[in-house]
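So that the names make sense, note that chain A is the first sequence line, chain B the second, and so on, each numbered from 1. These values consider heavy atoms only, across backbone and side chains, with no hydrogens, waters or symmetry-generated copies.
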There are 2 protein chains.
Amino acid sequence: MEQSTEEKILLAAEEVFLREGYDGARMQQIADRAGINKALLHYYFRSKDKLFQTIFEQKFRTFFPKVEGLIRQDIPFLQKIYLFVDAYLKILSENPYVPHFIIHGIHKPEGKAFLKQIPPTLAAGFVGGYYAAQARGEVREVQPVQLLVSVMSMCVFPFLAKPIIREVTAMDEEAFQAFIQARAEEVKRYLERILLP
Amino acid sequence: MEQSTEEKILLAAEEVFLREGYDGARMQQIADRAGINKALLHYYFRSKDKLFQTIFEQKFRTFFPKVEGLIRQDIPFLQKIYLFVDAYLKILSENPYVPHFIIHGIHKPEGKAFLKQIPPTLAAGFVGGYYAAQARGEVREVQPVQLLVSVMSMCVFPFLAKPIIREVTAMDEEAFQAFIQARAEEVKRYLERILLP
DNA sequence: GAATGGTTTAACCAAATGGTTAATTTTTGA
DNA sequence: TCAAAAATTAACCATTTGGTTAAACCATTC
């Protein structure tokens, strides 16, 4: 079952970068965690920057899931949003540190370059889908971009603010999991009230 | 009129820490920006940690505004939320980098200690206010903690995701300002639909 | 079994970084 | 006016950090 050295490095780098961010991460720390010599890191990935970019790109895809399949389905707009909320909260639950990692990275030069890689389908598909639904009288009038940002907000923010939420509401880890679990239904209820005529 | 050296340092430290975070910030950079010698930083604030904590505490108060006045007012629950959304979006507009700074800081040991300083009035007051309103038949049934997190999400997240939002929607800086400007009304409309019977 | 080429390591290096020291300049107040 | 105190600086220092080098290790193959 042995992992290749490259896999061990990527796994270790993922852990460290996600926890510490680019500046906080140490090459030595990654090497230790991978159980290898520090020089070997530079043998596989030439520099800290290169290694970071590899991880960042990988996590970027988690944060901006592909939604083409969703968009193309012939179901009501609200149903599409429901499916997105369910799927996205699930993905985030399985990758709870990704939001902080991406949001932090996006504010740094190392991450800024990746912004261009965001699949345009997400925003364009959402806005297009909204207007089509609106023409059918399926949904009330809102600003679609504001709505999209709101949906993303309600899904992503809890993971960013997790330490705050846990402190303020005195949740233990288990309670927080339950909170996230319950969130999908609650958010969908909000969206129904916001959107249905 | 001239600023005191201490003021110059705090201003410079604020700029650098907000932009770079704890790990990314350099004492030399702060000294340069303040137009002083690096040793003088340590003369006024013993260590990077101490200086950071001073800034963090200050920004913390911006991120968790005092809401006692709001809570005590004898107005409908929804009106209180409206006032909060208006006031909070305004504060954040004037301090657009604070959310990222706080969220990032809160994930690091240097910032974790500050979690205890969050004014309990925010959460407790919100939940209490909700149940009182609910007993009066003023609002529909929701999970108050979920609602609080949602309100915070919709206000804060746009500032965290600003680079992403701008890229995806091709907004320039001015357009983004207008987007934030319009957001208060939009969010309040959502909350009305969510809460009013 | 030696040549070969990829893999791994120990030792090293230069630059950067937070922090200190000792001396100098400026301010204060008696 | 002048000495004590506060503010400021240049020069250092020890440690950390990303990165390199040269040698050793190891599997393959001819």
Starting at atom CG of Asn37(A), determine the distance to atom C1' of dA11(C), rounded to an integer number of angstrom.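 Rounded to the whole Å, the gap is 10 Å.
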Please report the distance, rounded to the nearest Å, between CD in Glu6(B) and C1' in dT8(D).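 Roughly 15 Å, once rounded to whole Å.
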Side chain of Tyr44(B), heavy atoms from C-beta onward: which of dT21(C), dG19(C), dT8(D) has the nearest atom to it?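 Looking only at side-chain atoms, Tyr44(B) lies closest to dT8(D).
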Residue-phosphate contact under 4.0 Å: Arg26(B) side-chain N/O, dG18(C) OP1/OP2: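 Yes, because at least one side-chain N or O of Arg26(B) sits under 4.0 Å from OP1 or OP2 of dG18(C).
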Taking the side chain of Leu40(B) as heavy atoms from C-beta outward, which of dA7(D), dT20(D), dT8(C) is closest to it?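 My answer, after comparing the listed nucleotides, is dA7(D).
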Can you check the Glu7(A) CD to dT7(C) C1' distance for me, whole Å?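 Those two atoms, CD and C1', are 16 Å apart.
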When the distance from CD of Gln28(A) to P of dA11(C) is rounded to whole Å, what number comes out?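 Spelled out: CD on Gln28(A) to P on dA11(C) is 14 Å.
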Is there a donor-acceptor contact under 3.5 Å linking the side chains of Asp49(B) and Tyr22(B)?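 Side chains of Asp49(B) and Tyr22(B): pair found under 3.5 Å.
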His42(B) NE2 - dA7(D) C1' separation (whole Å):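 Interatomic distance, NE2 of His42(B) to C1' of dA7(D): 16 Å.
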For Ala31(B), report the nucleic acid contact type (base, sugar-phosphate, nothing); a contact means any heavy atom under 4.0 Å.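 If one applies the 4.0 Å heavy-atom cut-off, Ala31(B) turns out to touch nothing in the nucleic acid.
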Would you call the rings of Phe60(B) and Phe114(B) parallel, tilted or perpendicular, where under 30° means parallel and over 60° means perpendicular?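 Because their plane-to-plane angle lies in the 30° to 60° range, the rings of Phe60(B) and Phe114(B) count as tilted.
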Under a plain distance cut-off of 3.5 Å, with no hydrogens placed, do Glu138(A) and Gln134(A) share a side-chain donor-acceptor pair?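 No - no donor-acceptor pair under 3.5 Å links their side chains.
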Output the rounded distance in Å from CD1 (Ile36(B)) to C1' (dT26(C)).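 The distance from CD1 of Ile36(B) to C1' of dT26(C) comes to 16 Å, rounded to the nearest Å.
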Look at the side-chain N and O atoms of Tyr43(B) and state whether any lies under 4.0 Å from the OP1 or OP2 oxygen of dT20(C).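 No, no such contact exists.
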Give a yes/no on whether any side-chain N or O of Thr5(A) is located under 4.0 angstrom from OP1 or OP2 of dT8(C).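 Yes, within the criterion.
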Any N or O donor-acceptor pair under 3.5 Å from the base of dG19(D) to the side chain of Lys38(A)?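 Side chain to base: pair found, below 3.5 Å.
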Looking at Phe52(A) versus Phe17(A), is the centre-to-centre ring distance below 6.0 Å?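 Yes, they do, as the ring centres are separated by less than 6.0 Å.
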Please determine whether a side-chain nitrogen of the Lys or Arg among Glu186(B) and Arg189(B) lies less than 4.0 Å from a carboxylate oxygen of the Asp or Glu.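 Counted as a salt bridge, because a side-chain N and a carboxylate O are separated by less than 4.0 Å.
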Whole Å only: how far is the CG atom of Asp23(A) from the C1' atom of dT16(D)?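 To the nearest whole Å, that distance equals 15 Å.
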Spacing of Glu20(B) atom CD relative to dT17(C) atom P, expressed in whole Å: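 Nearest whole value for this atom pair: 11 Å.
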Counting side-chain heavy atoms from C-beta on, which of dG19(C), dT20(C), dG19(D) comes nearest to Met27(A)?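 For Met27(A), the side-chain atoms sit closest to dG19(D).
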